[in-house]
Amino acid sequence: MKNSFQIRYVFLLFWAFLSLNSEAQTTYKDYPEFEKYTFTSPSGTLPYRLLRPMPYDAEKKYPLVIFFHGAGERGKDNLTPLTHIAGLFLNGANRRNYPCFVLVPQCPLDTRWVDTDWTLDGHQIPEKPSLPLQLSKELLEETIKNYPVDQQKVYVTGLSMGGFAVWDIIARYPDVFAAAIPICGGGDLQTAESIKNIPLWAFHGKQDQIVKPSRSREMIIAIRNAGGKPKYTEYPDAGHGSWKPAYEEPKLLEWLFAQKKDD
């Protein structure tokens with residue numbers, strides 16, 4: 001009986017070791033089509049990926065989409081931020097129908113795109129952008145300067161922590177973006193007036209236990225009360241991972257690339 005218990009105990013320890021070791025060695029698929037770079041400015045450095053349109057003609061101008069990842073993809077590997085977005089823009093039909101630049105910066109560990117607690121019922125936009133968000137804005141400006149980007153068709157999307165980034169960056173720079181897709185994030189209700197004219201399609205899962213669905217609902221209500229006409233989709237059976245059905249919406253890219261800033 002004692003030997004049986006010891007054998008079982010050793011087996012459990014071995015199983016736990018394998019589980020932890022497996023978790024530590026989790027690998028993520030790389031996508032070489034997204035070129036790997038590091039942005040450097042006097043403010044700091046930021047890893048990022050860039051997908052070029054295909055086919056690419058340097059004489060033409062193309063839309064640009066900047067994507068802000070969630071908290072789980074923070075770090076410096078310049079790899080994990082592609083997890084939830086690469087498939088959408090590498091889809092063959094999407095690449096043919098919607099040629100564009102896709103810019104994917106990576107937020108460092110122990111920092112946030114927006115300095116706020118995601119579990120709160122609301123927050124006020126910080127006086128200054130976080131350093132990662134500031135660097136992302138600088139990176140966006142440099143990309144627009146160095147590549148043939150159609151400045152009338154610059155878009156932003158993001159999920160979870162990145163959803164907060166979307167609401168924050170369009171409030172700070174409303175004249176930059178032609179449209180925005182924030183997913184399971186939240187913004188400052190007081191910014192509704194400044195972003196009411198930006199075409200928006202927000203998403204959230206009704207069962208989200210991490211970022212309250214009310215964060216998206218209340219932003220949409222505030223914008224509509226200010227005179228805007230944002231779109232909102234709430235998935236009744238989805239939890240926090242509402243980005244999966246959102247990025248699988250059949251009309252998502254058609255809607256996004258139809259938006260254009262007024263001259």
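Residue indices begin at 1 and follow the sequence shown.
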Quick one: pull up CZ in Arg95 and CG in Leu51 and give me the separation to the nearest 0.5 Å. 4.5 Å
May I ask you to test the Val154-Ile66 pair for a side-chain heavy-atom distance under 4.5 Å? no
For a 4.5 angstrom cut-off between non-hydrogen side-chain atoms, does Leu252 reach Leu256? no
Please determine whether side-chain contact (heavy atoms from CB on, under 4.5 Å) holds for the pair Phe67 and Leu159, giving the CA-CA distance in whole Å, both sets of side-chain angles, and the decisive distance to 0.1 Å. CA-CA 9 Å; Phe67 168 72; Leu159 58 91; 3.7 Å; yes
Spell out, as yes or no, whether a donor-acceptor pair under 3.5 Å connects the side chain of Arg172 to the backbone of Ile169. no
Taking everything shown except Glu249 itself, do over 12 heavy atoms lie less than 6.0 Å from its CD? yes
Taking the side chain as every heavy atom from C-beta outward, state whether Leu46 and Thr38 have any pair of such atoms under 4.5 Å apart. no
Polar contact flag, side-chain donor to acceptor under 3.5 angstrom, His240-Ser160: yes
Test your reading of the model: is there a side-chain donor-acceptor pair from Trp167 to the backbone of Ile125, 3.5 Å cut-off? no
Enclosure of Lys231 NZ (heavy-atom neighbours >12, cutoff 6.0 Å): yes
Are Ile198 and Phe257 co-members of a hydrophobic cluster defined by side-chain heavy atoms under 4.5 Å apart? no
So does Lys60 have more than 12 non-hydrogen atoms from other groups sitting under 6.0 Å from NZ? no
Closest heavy-atom pair, Asp208 versus Pro213, reported as atoms and distance to 0.1 Å, is O-CD, 3.8 Å
Trp118 six-ring face occupied by Arg112 cation (under 6.0 Å, within 45°): yes
So do Leu135 and Ser41 actually touch side chain to side chain, heavy atoms under 4.5 Å? yes
When you compare the side chains of Thr143 and Tyr48, does any donor N or O come within less than 3.5 Å of an acceptor on the partner? no
Would Lys153 count as a cation-pi partner of Tyr62, with NZ or CZ less than 6.0 Å from the six-membered ring centre and within 45° of the ring normal? no
Within one Ile-Leu-Val-Met-Phe-Trp-Tyr cluster: Val156 and Leu82, side-chain cutoff 4.5 Å: no
Between Ser43 and Glu138, is there a side-chain donor-acceptor contact under 3.5 Å, judged purely by atom types and distance? yes
Passing candidate, side-chain contact (heavy atoms from CB on, under 4.5 Å) with Val114, options Pro129, Pro126, Ser130: Pro126
Between Tyr37 and Pro105, is there a side-chain heavy-atom distance shorter than 4.5 Å? no
